[in-house]
Amino acid sequence: MPKQFLYIFGGAIGDALLGVQLAHTLEKEYPAGRLTLISTRKSSFVHQVLELVPQVEYMELPRNEIRSWFLLIKFAFSAHGVVFLEPFRDALPIWWKIIARIATLSPGSIEVRCQSRQQVVPARVRVLSYDPKTDSLFSVISRVVPLWIGRSIQAPAPFLPTPICLHSPKTAYILFHFFAGTYRRSFPIEKVRPLLAVAREKFPSHEFVLTCAPQEESVAREMINGISNARVEVSPHARDLMCLLKQSVVCVGVASGVTHIASHLGVPSVVMCNLSDPCWLPTYAKNTVLLSAREHCGCNGNKTGECGVKTKEGTVYRCLYDIKTESIIKEMQSIVMQKQ
C-alpha cells in the first residue's frame with residue numbers, strides 16, 4: 001500500500017476543501033499516509049487556507065512551468081495513491097491525466113477517478129461513480145480512501161481547524177458574501193440592495209460586513225451605498241477571513257467557497273443556492289440553512305437545463321434569483337434570536 005497520496009484539482013477553493021476532507025479521512029483511517037494537494041493553477045488564497053491545515057501538503061504544478069515537469073519525474077520513482085474528480089461537463093484536462101499516470105508508474109500505485117458520467121478509462125484505473133443530483137461531493141471524496149487502503153471506513157464530517165483570532169469584535173456583525181466567481185451564480189445588486197435595506201431595519205445594532213475579491217470591490221461598495229454601519233472587506237488573508245466568519249453572528253451568502261469555509265467552521269449560515277449542481281451544496285453542515293426557489297427552476301441538477309433570469313449585468317440562475325428577501329430575513333432572525 002502506498003504511503004504517499006495525491007489529490008489533483010484545478011485550483012478553486014471548493015475543490016481544495018474537498019482535498020482537506022480527504023486528508024482528514026486519510027489521517028483517521030491510515031495515519032501512515034500523507035496527502036499532497038496538487039493544484040494545476042496558482043492561487044495565493046488557496047495557499048493561505050491550506051497553510052492552516054497541518055494534515056496536508058500543497059503543491060502548484062502549472063503545465064507551462066519547467067519545475068512542474070521535474071517534480072513529475074520525482075513522482076515516478078515512488079508508489080502513489082492518486083485521485084481526481086472528472087469535470088461534470090468540460091473535457092478532462094490532459095495535464096491531470098499526465099500527472100496521474102506518471103505518479104502511478106511504480107508498483108503498488110493506485111489511481112482513482114471520480115465520475116458523474118460514464119467515461120472510458122484504462123483497465124488499471126479504479127472508478128468511483130456518483131450522482132451529482134443526490135450525492136454530496138464531500139461524502140464522495142471520503143469514499144476514495146477505502147479504494148486506496150482496501151477496507152471500509154467511517155468518514156469524519158467536513159471541518160477546518162479553528163482559526164486563532166487575535167482580536168475580538170467590538171460590535172456584533174453580520175457577514176455577507178454575494179459573489180461566486182461567475183455572475184450567473186452570484187446575487188445581483190438589484191436583489192442585494194433591498195435585502196440589505198430590510199436587514200438594516202431588522203438588525204439596527206449589527207454592523208454589516210461584505211467580503212469580496214478585488215475585481216468585485218466597486219460593485220460591493222455600490223451595494224452598501226446609503227446603508228449605515230456597513231463596510232467592505234476586500235480580499236482578506238485566509239486567516240483573517242476565517243476569523244471574520246468565525247466571529248460573525250451569522251454568515252449570509254451565495255453558495256461559494258466562502259460559504260463552504262463558513263460551513264466547515266460551523267458558523268451559523270444562510271446560503272442562497274442555485275440547483276445546477278446540488279452535489280456542491282453544504283448539506284453536511286448542521287448550522288447551515290439552504291435556500292433556493294424551485295417553483296420556476298429549470299436546472300436538471302447536472303449542469304444542464306435552462307434556469308436563467310436576464311438582468312442588466314447578465315444572466316443569473318432563476319432558482320437563486322427568485323429567493324425572496326422575506327425568506328432570507330426570516331432565517332437570519334431565527335439564528336440571531338438563538339444567539340441572544
Side-chain angles (χ1 to χ4, degrees), residues 1-40 46 49-50 52-59 61 75 78-88 92 96-97 99-119 121-132 134-161 260-261 263-264 279-286:
M1 184 188 306
K3 292 187 178 181
Q4 299 180 58
F5 298 88
L6 306 178
Y7 165 68
I8 305 168
F9 69 109
I13 185 60
D15 296 284
L17 292 177
L18 288 177
V20 172
Q21 171 68 359
L22 182 60
H24 288 317
T25 307
L26 188 64
E27 179 189 44
K28 179 182 176 182
E29 300 295 336
Y30 184 51
R34 183 69 177 175
L35 182 70
T36 299
L37 275 62
I38 294 183
S39 171
T40 52
V46 168
V49 171
L50 296 181
L52 307 176
V53 183
Q55 291 83 2
V56 304
E57 295 177 2
Y58 176 62
M59 188 179 297
L61 263 67
F75 289 160
S78 57
H80 291 84
V82 177
V83 66
F84 55 77
L85 284 94
E86 295 193 357
F88 300 150
L92 175 61
W96 291 16
K97 292 196 284 187
I99 296 172
R101 185 66 192 109
I102 293 179
T104 54
L105 287 175
S106 293
S109 296
I110 303 169
E111 179 183 341
V112 178
R113 298 187 188 183
C114 303
Q115 295 183 342
S116 61
R117 298 174 295 159
Q118 188 172 3
Q119 305 278 349
V121 300
R124 58 182 172 77
V125 175
R126 301 181 184 182
V127 173
L128 176 58
S129 300
Y130 67 94
D131 187 339
T134 57
D135 293 326
S136 165
L137 286 181
F138 290 89
S139 297
V140 171
I141 200 67
S142 297
R143 286 158 47 198
V144 172
V145 174
L147 298 179
W148 280 341
I149 67 176
R151 57 180 171 81
S152 60
I153 65 163
Q154 184 174 1
F159 72 97
L160 282 169
H260 268 301
I261 291 174
S263 295
H264 274 58
C279 58
W280 271 111
L281 300 180
T283 52
Y284 54 82
K286 64 180 181 179

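Interatomic distance, CG of L26 versus CD of Q55, reported as 10.5 Å (0.5 Å rounding). With rounding to the nearest 0.5 Å, the separation of CG in L6 from CG in L35 is 7.5 Å. Atom CG of L105 and atom OG of S78 lie 10.5 Å apart (nearest 0.5 Å). Rounded to the nearest 0.5 Å, atoms CD1 (I13) and CD1 (I261) are 4.5 Å apart.
Contact check for L92 versus Q119: no side-chain heavy atoms found under the 4.5 Å cut-off. When side chains are defined from C-beta on, L50 counts as touching V46, because their heavy atoms get closer than 4.5 Å. Put simply, the side chain of F84 reaches to within 4.5 Å of the side chain of R113, judged on heavy atoms. Looking only at side-chain heavy atoms (C-beta outward), I99 and T40 come within less than 4.5 Å of each other. Annotation: side chain of E86 is not in contact with side chain of R117 (no heavy-atom distance under 4.5 Å).
G10 and S39 make their closest contact through C-OG, 4.2 Å (heavy atoms, listed as atom of the first residue, atom of the second, distance). In terms of heavy-atom proximity, C114 sits nearest to V83 at SG-CG2, 3.9 Å. A pairwise comparison of heavy atoms in A79 and S109 identifies CA-OG, 3.3 Å as the closest pair. Closest non-hydrogen pair, S116 versus F88, comes out as OG-CD2, 3.6 Å. Across Y284 and S263, no two heavy atoms sit closer than the pair OH-CB, 3.6 Å.
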Stepwise side chain to side chain contact (heavy atoms under 4.5 Å, CB included) test for L22 and F5
CA-CA 10 Å; L22 182 60; F5 298 88; over 6 Å; no
Chi angles and distances behind the side chain to side chain contact (heavy atoms under 4.5 Å, CB included) call for L61, F75:
CA-CA 12 Å; L61 263 67; F75 289 160; 4.1 Å; yes
N/O donor-acceptor pairs under 3.5 Å from side chains in residues 143-160, not counting sequence neighbours:
unit_1 : atom_1 : unit_2 : atom_2 : d
R143   : NH2    : S129   : O      : 3.1
R151   : NH1    : E29    : OE1    : 3.2
R151   : NH2    : E29    : O      : 2.4

Donor-acceptor contacts, no H, no angles, side chain residues 134-142, under 3.5 Å, sequence neighbours left out:
unit_1 : atom_1 : unit_2 : atom_2 : d
D135   : OD2    : D131   : N      : 2.8
S136   : OG     : F138   : N      : 3.3
S142   : OG     : Q21    : NE2    : 3.0
S142   : OG     : T25    : OG1    : 3.4
S142   : OG     : F138   : O      : 3.2

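Here the side chain of H260 pairs a donor or acceptor atom with the backbone of W280 at under 3.5 angstrom. Although no hydrogens or angles enter the test, the distance criterion places no donor-acceptor pair under 3.5 Å between the side chain of T104 and the main chain of I110.
Under the 4.0 Å criterion applied to side-chain N and carboxylate O atoms, E111 and R124 are assigned as salt-bridge partners.
The ring-ring contact (aromatic ring centres under 6.0 Å, His included) test applied to F9 returns Y7, not counting sequence neighbours.
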